[in-house]
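Below: the structure, in structure tokens.
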Amino acid sequence: MAEDLRDFIRRRIRDDLRTGDGEGVVTRFPPEPNGYLHIGHAKSICLNFGVAEEFDGSTYLRYDDTNPLRESQEYVDAIQRDIAWLGFSWAGPTYASDYFERLCEFAVELIKRGKAFVCSLPAEEIRATRGTLTEPGTDSPYRDRTVDENLDLFHRMRAGEFPDGSHVLRAKIDMASPNINMRDPVLYRIRHATHHRTGDDWCIYPMYDFTHCICDALEGVSHSLCTLEFEDHRPLYDWVLDNIAINYHPPQIEFSRLNLEFTVMSKRLFSTLVDDGHVTGWDDPRMPTLAGMRRRGYPPAAIREFCHRIGVTKSDGAVEYALLEFCVRQELEATAPRAMAVLDPLRVVLTNYDREGESLTAPWHPQQPEQGHREMTFSSTLYIERDDFMESPPRKYRRLTPGGMVRLRYGYIIVCEEVVKGSAGEIEELRCRYVPESKSGSDTSGLKPKGVIHWVDANTAVSAEVRLFERLFEDPNPGAGNFLEALNPASLSLADARVEPALFAREASDAVHVQFERTGYFVKDSLDFTPERPVFNRTVALRDSYKPQ
RNA sequence: UGGGGCGUCGCCAAGCGGUAAGGCACCGGGUUUUGAUCCCGGCAUACGCAGGUUCGAAUCCUGCCGCCCCAGCCA
């Protein structure tokens, strides 16, 4: 039972259950299989599946596959993969196309009741006679065809006697309605197209408004939850169910869709990004698709937490990206083992280290000893992060400087004695002295360096490609204008990193994510990672409160 | 200018006539061998605006203003 009535929909359902007639909660998630699911869908998924779970109900995954021109099996499969990944299980799946025969029977019923007619106006004429926002439309000249004539025409439409666009079935409602959706909306259109499930069985396909409400009723959906833009369609949803012999009538309840700053939430726009090569695919780690976020390394639990935190209301707005990143970090902080990786290597030679090398011990997670520890090799040649050294540091810089000292995490304290530069003046390497008695864990030096930096042993470090991502768009609302112009040219950058080898010995580990200390959380790229060429995606950087002053 | 919605802190969001929850962000401070984590503290005399009802209004009424959605044989 629901313990947490945190939004108006859950309270509404609770009330409906109390007042009696409900036999339980049944919801549905009804995607059209014409693209990949995105974070906006995640909100709807979490709502529909979450509500059902909380009220001991169930949720149908129902594909809204009424437009064979745009839909395909590829998307059907991808959608199931994404929902399962998010952690939900569904009843079904079912398909609107499962109900094509019954839908057709209901259409015939409408015709027999004089509530629908075959209109033979071309599409442009229908548009022209629909009226405008402020002017009523005008009746179709075919509006008064007899029932028999309509029946005959509709049967012949179904039989394939007419070409696409020659006739449609329309509801007979009111061309003067202030709600444009009620101005004799089209119910069926002719489309000689192969459907991904029904093949060539049909050449007429029902429209959303006719299909959706009937499928909801047929499946016994107790609460049909959808986004705000369908609010104007509710009268039509109700009209259809009120005018056919069906014994069940679900309520449609609308909530506001999710908008996320610095991204778009439209399958059409995604297609453009993919087709024009601005991203590598629907699963590009910069994409707000679930497939993209999965590849980026966002844990499903983080996405669920995000959807929980944003709430469900009817007011539209745009959620800041920072909240999503917070959820991702929170999830990863608790679980990800730590490792050392230098993204932009600067060589450090320890002039007074005359041993061959040694092994240092470091925990996989500083707050979780149960994760165990690993060994790190240490020698006279190391790499540190290039920006962990500055010749002219600002005030309060806590890393390495000429003559300055710093702690190598889990290793020794080093002091920079010389900066070696190339002919162009670029820093090629640092020559440093290490403090032998400062070994981590048995430090007797008494020295207190103000900074700690990460490092790897140049002799054993593994070279790896690291992919760093920034926001895909520079405009907080890229959908407002030409969204391609808002693309961030620097959304992807590659680094040739050096990673400590113990990470790869951990192959058998079930840890999917890793924190490279001080630089962020990373995952192996699911497509491109090979033992020969490791590739890591940065899921999200660590929070950084450093402000140069 | 028709219809349908929405307006509470920078963002999300509680509140449903009794005197503004919470989270994110941000700003301080503490702990820290990740400038991370963690911990403390700060952060709306104010609820789009203007009237009205009331002992009392973010919550009720009236009128404005602003934003979003709708004129696909898309969903």
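Throughout, protein chains are lettered first and strands after them, A, B, ... in sequence-line order, and every chain is numbered starting at 1.
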For the pair [X] and [Y], find out whether any cationic side-chain nitrogen is under 4.0 Å from an anionic carboxylate oxygen.
{"X": "A:Lys314", "Y": "A:Glu231", "result": "yes"}
{"X": "A:Asp16", "Y": "A:Arg12", "result": "yes"}
{"X": "A:Glu261", "Y": "A:Arg471", "result": "no"}
{"X": "A:Asp184", "Y": "A:Arg143", "result": "yes"}

task = With heavy atoms under 4.0 Å as the rule, sort A:Gln515 into base, sugar-phosphate or nothing.
result =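 Base contact - A:Gln515 has a heavy atom under 4.0 Å of at least one base atom.
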query = Looking for any heavy atom pair under 4.0 Å, which part of the strands does A:Tyr188 touch: base, sugar-phosphate only, or nothing?
reply =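 Touches nothing.
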ask   = Do you see a donor-acceptor pair shorter than 3.5 Å between the side chains of A:Asn48 and A:Ser44?
value =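 Short answer, yes.
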query = Parallel, tilted or perpendicular for A:Tyr63 and A:Tyr95, by the 30°/60° rule?
reply =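 Ring orientation, 0 to 90° scale: parallel.
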ask   = Aromatic rings A:Tyr205 and A:His195: how do their planes relate, parallel, tilted or perpendicular, breaks at 30° and 60°?
value =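 Aromatic pair A:Tyr205/A:His195 classed parallel.
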ask   = Can you tell me how far C1' of B:U32 sits from CD of A:Glu517, to the nearest Å?
value =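 My rounded result for the distance is 12 Å.
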message = Return whichever of A:His365 or A:His212 has its heavy-atom-nearest nucleotide of RNA chain B closer to the 5' end.
response =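 That would be A:His365.
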query = Is any N or O donor-acceptor pair between the side chain of A:Glu320 and the base of B:G10 shorter than 3.5 Å?
reply =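 Side chain to base: pair found, below 3.5 Å.
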inquiry  = Distance criterion of 3.5 Å, no angle test: do you see the side chain of A:Thr134 paired donor-to-acceptor with the base of B:U1?
reply    =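 In this structure, the two groups form no donor-acceptor pair.
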Among B:C27, B:C12, B:A36, the nucleotide that comes nearest once only the side chain of A:Ile310 is considered =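 Selected nucleotide: B:C12.
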message = If you only use heavy atoms from C-beta on, which nucleotide in B:G5, B:A14, B:G35 is closest to the side chain of A:Glu231?
response =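 Of the options given, the side chain of A:Glu231 lies nearest B:G5.
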Polar atoms only, N or O, under 3.5 Å: list the protein pairs with nucleotides 21-23 of chain B and their distances.
unit_1	atom_1	unit_2	atom_2	d
B:G23	O2'	A:Arg309	NH1	2.2

Please list, pair by pair, any protein nitrogen or oxygen found under 3.5 Å from a nitrogen or oxygen in nucleotides 69-71 of chain B.
unit_1	atom_1	unit_2	atom_2	d
B:A71	O2'	A:Arg130	NE	3.3

